Amino acid sequence: MSATLEIKNLNVSIGDKQIIKDLNLTVPKGEVHAIMGPNGTGKSTLAKALAGHPDYQITSGDALMDGESLLDLEVDERSRAGLFLAFQYPMEIPGVSIANFIRAAKKARLPKGEDLNAPAFYKELYAMMDMLKIDRKFTARSINDGFSGGEKKRCEILQLAMLNPKYAILDETDSGLDIDALKVVSEGVNTLRGDHMGALIITHYQRLLDYIIPDAVHVMYDGRIVKSGDKDLALELEAKGYDWVKELASDAA
Ligand code: ADP
Ligand code: MG
């Protein structure tokens, strides 16, 4: 069984509109790969399709996590199997506190009959909050309810840290972050990355990749990966802009 997130000839439609077109991508476990591309190219669609969002129909192809097809799994099963998606636009969940939400998610991952040790849970939660410079007052606040953009993103990384996934997909986690919050979030991801966790970092801008150095960079355009390279590709893209990508795409077609 190969320890990879492997996307094979994936086609995804929303309604009758095809968004993702025969996309291939492999992220070996423990590696951090970035996907960059212009707005509207299908980056979030890819992330949501992998997470199992019901509006995004996978019409053909497959996505395998450590050899197991995600397509056979329900949304919660994908999560429990070790896939984590941090949303571009995190949802507000009034009435559900951060602590209770994360606790419920962790409980759902335990073998039947086992219970979460509350003191150990809070010890871990507070340690992660300290790492991410999130005030402890936040534990009692409703998820994302009235949070600033930066607070929402840090809260997403807190969930990531606590759930300890095998593969994390971060969809434009950098958007809405000022430079200090960007550094905090990047430090968090850099602390978590390693043999246990690989990540797919989706970003429109190169800036985040100054702090989270990726093992590979993929350029997406019109539902396809049109070029892959090392971290320098992100700099090249920043310098040349996205018009260059359109030319690449027409060369590839
Ligand atoms: P990106 O994240 O690269 O900016 P998206 O995946 O959000 O791109 O969008 C890709 C295309 O899919 C766009 O044309 C967008 O309008 C369309 N799209 C995304 N989500 C929906 C949706 N829920 N309903 C209809 N069209 C959508
Ligand atoms: Mg997007």
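When a residue number appears, it is its place in the shown sequence, counting from 1. None of the values given here were measured: they were computed from a predicted structure. Read the numbers this way: they start at 1 and go in the same order the structure lists the ligands and their atoms.
The N/O atoms of I14, backbone and side chain alike, include none that comes under 3.5 Å of an N/O atom in ligand 1. Every N/O-N/O distance between I19 and ligand 1 stays at or above 3.5 Å.
Every atom of ligand 1 with a heavy atom of K17 under 4.0 Å away is listed here by number and element: 14 (O). Distances below 4.0 Å separate heavy atoms of T41 from the following atoms of ligand 1: 1 (P), 3 (O), 8 (O). Of all the atoms in ligand 1, the ones that sit under 4.0 Å from a non-hydrogen atom of T45 are 5 (P), 6 (O), 9 (O), 10 (C).
Partner of I7 under the side-chain contact (heavy atoms from CB on, under 4.5 Å) criterion, chosen from L50, I225, N24: L50. In summary, of the residues considered (L200, L85, L83), a side-chain contact (heavy atoms from CB on, under 4.5 Å) with Y167 occurs for L83 alone.
Taking the charged nitrogens against the carboxylate oxygens, K166 and D66 do have a contact shorter than 4.0 Å, which makes a salt bridge. Ionic pairing of R80 and D76 is present here: one or more N-O contacts between side-chain nitrogen and carboxylate oxygen are shorter than 4.0 angstrom.
At a 4.0 Å cut-off, not a single heavy atom of D55 sits close enough to ligand 1 to count as contact. A heavy-atom separation below 4.0 Å is found between P38 and ligand 1.
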CA sep, side-chain torsions, deciding dist, call: E238, R207, salt bridge (charged side-chain N to carboxylate O under 4.0 Å, His left out): CA-CA 9 Å; E238 184 81 352; R207 191 178 71 147; over 6 Å; no
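No close placement of the Y242 and Y221 rings is indicated, their centers lying 6.0 Å or farther apart.
The single protein non-hydrogen atom nearest to atom 7 (O) of ligand 1 is S44 CB, 3.7 Å, given as residue, atom name and distance. Among all non-hydrogen protein atoms, the one lying nearest atom 20 (N) of ligand 1 is Y56 OH, 3.3 Å. In terms of protein heavy-atom proximity, atom 4 (O) of ligand 1 is closest to G40 N, 2.7 Å. Given atom 8 (O) of ligand 1, the protein heavy atom at minimum distance is G42 N, 3.2 Å.
No donor-acceptor distance shorter than 3.5 angstrom exists from the side chain of K43 to the backbone of M220, with no hydrogens or angles considered.
Closer than 4.0 Å to atom 25 (C) of ligand 1 lies at least one heavy atom of the protein.
Using the six-membered ring where Trp is involved, Y122 and Y126 have ring planes that are tilted, between 30° and 60° apart.
To the nearest 0.5 Å, atoms NE2 (H218) and OG1 (T26) are separated by 8.0 Å.
Because the distance cut-off is set at 2.8 Å, T45 fails to qualify as a neighbour of the Mg ion (ligand 2), as none of its N, O or S atoms comes that close.
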